[in-house]
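Protein chains get the first letters and strands the later ones, always in sequence-line order, with residue 1 at the start of each.
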2 protein chains.
Amino acid sequence: MTLTPLQQEFVLHFGEMGSRWGINRTVGQIYALLFISSAPLNAETITDALSISRSNTSMGLKELQSWNLVRLKHVPGDRRDYFTTPDDLWEIVRTLVSERKKREIDPTLTKLRELELQGPAGDDYAEARIAELREMIEMMTGFYAEMEKLETERLVKLMTFGSRIAGLIEKTGGMFPTLTKRK
Amino acid sequence: MTLTPLQQEFVLHFGEMGSRWGINRTVGQIYALLFISSAPLNAETITDALSISRSNTSMGLKELQSWNLVRLKHVPGDRRDYFTTPDDLWEIVRTLVSERKKREIDPTLTKLRELELQGPAGDDYAEARIAELREMIEMMTGFYAEMEKLETERLVKLMTFGSRIAGLIEKTGGMFPTLTKRK
DNA sequence: CTTAGATTTCAGAAATTTCTGAAATGACTG
DNA sequence: CAGTCATTTCAGAAATTTCTGAAATCTAAG
């Protein structure tokens, strides 16, 4: 398969960006290619579209699968595996956020709690700082847990009118007295 | 300077995590060390607390400065540079988010717009996909721009009562008619 | 059971990133 | 403006990550 110039440039860009994230260039390229392909692709096709080795493709796909970022499809009468990305961009974003949280945030939260449990270490400042950090992460993950429950439609509304919401808070003292009275 | 076991473990953890982000181990460790130190530290101190080379410390600090994650202080009568992290965790988070946006999101948005301007490339699916992605990123960065304006206090409220807000949207038809009538 | 894809694994090669020590630069002090 | 201390730069060394080709494994079909 030969890529159109548009595809080519898109794929290369995501390869570059991939490195700024935690993922490597090839994985970024594979993902980008699947993302802009209307039909599922098999490993062979990816391999020659990106001019990489077959084994590299295999590892890249494995990595993407471990992130839940690609879907496996089967074409009747063909026993090769075909891959796609979900059509729904929101689904993709949700997956991305949730996986990054799992890998980047959760282990840290666990570690911080662990450190706190080890009890007073005679280093008040460090202890206070760790507690403070843990509390902030807990607040943010708590918020995230709530957001996670919302359907796409409401999330879009929230984002589209985001800022007004904050102003709105001030006007809801009656509904949520604890909300405006706190602190 | 010798680290307490608590500091040691904290620093090592952030070194590890650093790699899962885009930053390297040493940079993560330097940041972690500054974060849990009550007073500003100079390069020499960091160098021997972490057992790394002086030049590595210099490069790490430079990197952290380019991220705006670290503040330079001066101790009267001492001409060495001293470094700290901001006391306010919210400030740190804001910086982090804004820098990551600048490095990870903005260049992609620019690239996508650029690709769209190159005009019809006879690849309808890819073009549609790119437009869709651009729109989503625009919505999210728009939302972010609004959030950025909020003071900490309101942000905390928003996060603490996050989920209820979404429910609230439904009840504000009178205030924001376009909000509930859309689509 | 055998054969023919298809995919995965893995050890080493290649590429990239990180780290170091030495030298260069900068900047304050007497 | 010479001397001292602090910081930065940089070329090469060391470490790590990524990639490849060959071999191993897996799976469906005959």
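Across all strands shown, N42(B) has no heavy atoms under 4.0 Å from either base or sugar-phosphate atoms. Using a 4.0 Å heavy-atom distance criterion, R25(B) is classed as a sugar-phosphate-only contact. Within 4.0 Å (heavy atoms only), R79(A) reaches at least one base atom of the nucleic acid.
The side chain to side chain donor-acceptor pair (under 3.5 Å) with K111(A) is formed by just one residue from the set H13(B), E9(B), E16(B); it is E9(B).
Phosphate proximity of dT7(C) to K62(A): absent, as no side-chain N or O sits under 4.0 Å from OP1 or OP2. For N24(B) and dC19(C), the shortest distance from a side-chain N or O to OP1 or OP2 is below 4.0 Å. Of the side-chain N and O atoms in S55(A), none sit less than 4.0 angstrom from OP1 or OP2 of dA22(D). Contact annotation: R54(A) side-chain N/O to dT7(C) OP1/OP2 distance is under 4.0 Å. Of the side-chain N and O atoms in S58(A), none sit less than 4.0 angstrom from OP1 or OP2 of dT9(C).
The side chain of M59(B) has dC10(D) as its nearest neighbour among dA6(D), dC10(D), dT8(C). The N56(A) side chain lies nearest to dT20(D) when the options are dT20(D), dT20(C), dT18(C).
Atom CD of E63(B) is separated from atom P of dT8(D) by 14 Å (rounded to the nearest Å). Rounding to whole angstrom units, CD of residue E16(B) and P of dA15(D) are separated by 16 Å. One atom, CG of L61(B), and another, P of dT7(D), lie 9 Å apart when rounded to the nearest Å. One interatomic measurement links the two molecules: CZ of R80(A) to P of dA4(C), which rounds to 18 Å at whole-angstrom precision. Across the protein-nucleic acid pair, L64(B) atom CG and dT18(C) atom C1' stand 15 Å apart, rounded to whole Å. Atom CD1 in I46(B) sits about 14 Å away from atom P in dT20(C), given to the nearest Å. Atom P of nucleotide dT18(D) and atom CD1 of I30(A) are separated by 13 Å, given to the nearest angstrom. Look at CG on L72(B): it is 14 Å from C1' on dT8(D), rounded to the nearest Å.
Taking both residues in full, the closest heavy atoms of S66(A) and E63(A) are given as OG-O, 2.8 Å, listed atom of the first, atom of the second, then distance.
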Inset, instruction - Let me see the working for M147(A) and L158(A) under side chain to side chain contact (heavy atoms under 4.5 Å, CB included), right down to the final yes or no. - result: CA-CA 10 Å; M147(A) 290 300 108; L158(A) 200 56; 3.7 Å; yes
Inset, instruction - Mind running side chain to side chain contact (heavy atoms under 4.5 Å, CB included) on T47(B) and M1(B) for me, showing each step along the way? - result: CA-CA 9 Å; T47(B) 297; M1(B) 185 170 98; over 6 Å; no
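The cationic group of R20(A) does not satisfy the cation-pi geometry with W21(B), failing either the under 6.0 Å distance to the six-membered ring centre or the 45° limit from the ring axis.
Taking only distance into account, the side chain of S53(B) never meets the base of dG21(C) through a donor-acceptor pair shorter than 3.5 Å.
Each of Y82(A) and T26(B) has a nearest nucleotide on DNA chain C; the 5'-most of these lies closest to Y82(A). Comparing D81(A) and S51(B) against DNA chain C, the residue whose closest nucleotide sits nearer the 5' end is D81(A).
Counted within 6.0 Å of CZ on R134(B), heavy atoms from surrounding residues, nucleotides or ligands total more than 12; the atom is thus considered enclosed.
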